[in-house]
Novice: 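Mind looking over this structure? Questions follow.
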Amino acid sequence: MNKSEYLALLHSHLSDLPPEERNELMEDYQAHFAFALQNGRSEADVILELGHPAELAKEALGNRLPQEPIYWFGPGSPSSNHVPDPGPVPPVTPVTPHRGSFATAMVYTGLFFVDIIIGPLLLALWSVWFSLAITAFVGLISPLLLGLEYLWYGELYQAKAFATLAFVGIGILFVILSKRTFINFKNLTKRFWAWHARTVRGEQQYE
């Protein structure tokens with residue numbers, strides 16, 4: 001079950017609440033998902049923390065749960081009460097809220113100033129990764145450079161050979177470091193742009 005399925009099922013279980021109260025609760029749970037995802041948690045972690053939608057809705061409804069109807073049957077009936085199956089729950093279609101012109105202008109203005117700060121910061125981080133990658137590349141090809149120097153000058157110094165071995169070891173270490181750095185920077189950049197896109201579109205709400 002993913003986030004959309006979880007919220008749709010929760011929305012259906014909260015159908016006994018007034019629309020305003022139900023929408024307010026849905027906004028709170030959706031904001032909970034958004035905050036958790038921005039902090040590196042997965043949808044599965046949030047769903048596990050919240051619990052099953054039916055139990056969550058039962059807790060939210062409290063004493064307002066409707067009483068189950070009782071159907072009496074004649075003697076010898078295998079059951080004394082029966083609750084009919086309500087059938088499949090219709091899907092809930094999320095809709096995107098419409099901002100006013102003033103709110104839209106404020107959102108874009110705020111994002112502009114955020115991008116002025118975060119954009120150069122991300123560029124600086126990627127510059128660090130590029131430097132690590134170049135260092136790793138030079139270290140790995142240092143034996144090739146030493147071989148070309150030997151072919152060109154016809155001399156091979158022992159000190160340079162040992163230095164080349166050291167550069168190869170450094171290059172291997174920098175390959176590992178640059179790989180981990182690339183993964184972290186990529187995830188950080190994706191999360192920022194995902195948040196940026198969600199802020200421009202606005203969070204989805206349920207009718």
Novice: Evaluate the side-chain proximity of Leu111 to Trp195: yes if any heavy-atom separation is below 4.5 Å, no if none is.
Specialist: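 Yes; the side chains approach each other to less than 4.5 Å.
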Novice: Please round to the nearest 0.5 Å and tell me the distance separating atom CD1 of Ile118 and atom CZ of Phe113.
Specialist: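 Ile118 CD1 to Phe113 CZ: 14.0 Å, rounded to 0.5 Å.
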Novice: Please name the pair of heavy atoms, one in Arg22 and one in Leu17, separated by the smallest distance, quoted to 0.1 Å.
Specialist: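 So the minimum-distance heavy-atom pair works out to NH1-O, 3.1 Å.
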Novice: Measure the spacing between CG of Leu9 and NE2 of His11 and express it to the nearest 0.5 Å.
Specialist: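 Reported value, rounded in 0.5 Å steps: 11.5 Å.
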Novice: For Gly51 and Tyr6, which heavy atoms make the closest approach, and how far apart are they?
Specialist: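 Smallest heavy-atom distance, with atoms named: O-OH, 2.5 Å.
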Novice: Is Glu27 reaching over with its side chain to a backbone N or O of Glu24, donor-acceptor style, under 3.5 angstrom?
Specialist: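 No, the answer is negative, given that no donor and acceptor are paired below the 3.5 Å cut-off.
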Novice: Would you check, one step at a time, whether the test side-chain contact (heavy atoms from CB on, under 4.5 Å) holds for Phe112 with Ile116?
Specialist: CA-CA 6 Å; Phe112 172 75; Ile116 288 178; 3.3 Å; yes
Novice: Do you know the tightest heavy-atom contact between Phe35 and Asn39?
Specialist: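 Shortest heavy-atom separation between Phe35 and Asn39 comes out as O-ND2, 2.6 Å.
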Novice: Nearest 0.5 Å please: distance from the CZ atom of Phe174 over to the OG1 atom of Thr135.
Specialist: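 That separation rounds to 5.0 Å.
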Novice: For Ile172, what residues pass the side chain to side chain contact (heavy atoms under 4.5 Å, CB included) criterion, not counting sequence neighbours?
Specialist: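 In terms of side chain to side chain contact (heavy atoms under 4.5 Å, CB included), with neighbours along the sequence ignored, Ile172 is linked to Leu140, Val168.
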Novice: Any idea which heavy atoms bring Leu37 and Ser42 closest together, and the distance?
Specialist: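 Heavy atoms only, the tightest pair is CD2-C, 3.9 Å.
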Novice: Does anything in residues 36-53 pair up under salt bridge (charged side-chain N to carboxylate O under 4.0 Å, His left out), and if so which pairs, sequence neighbours excluded?
Specialist: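 Every salt bridge (charged side-chain N to carboxylate O under 4.0 Å, His left out) pair that includes a residue of residues 36-53, provided the two are not neighbours, is Arg41-Glu49.
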Novice: Working to the nearest 0.5 angstrom, can you tell me the gap between Thr189 OG1 and Leu125 CG?
Specialist: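 Thr189 atom OG1 to Leu125 atom CG measures 7.5 Å (nearest 0.5 Å).
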Novice: So Trp126 and Phe182, would you call those rings parallel, tilted or perpendicular, with 30° and 60° as cut-offs?
Specialist: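 Because their plane-to-plane angle is over 60°, the rings of Trp126 and Phe182 count as perpendicular.
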Novice: On a heavy-atom basis, which atom in Ser178 and which in Leu132 lie closest, and how many Å separate them?
Specialist: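 So the two residues come closest at CB-CB, 4.0 Å.
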Novice: Quick one: side chain to side chain contact (heavy atoms under 4.5 Å, CB included) partners of Ala54, sequence neighbours excluded?
Specialist: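 Testing Ala54 for side chain to side chain contact (heavy atoms under 4.5 Å, CB included), a comparison that skips the adjacent residues, returns His13, His52.
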Novice: Does any non-hydrogen side-chain atom of Tyr29 lie less than 4.5 Å from one of Val46?
Specialist: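 Val46 vs Tyr29: side chains apart.
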Novice: Can you tell me how far the NZ atom of Lys186 sits from the CG atom of Asn184, to the nearest 0.5 Å?
Specialist: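 Between atom NZ of Lys186 and atom CG of Asn184 there are 10.0 Å.
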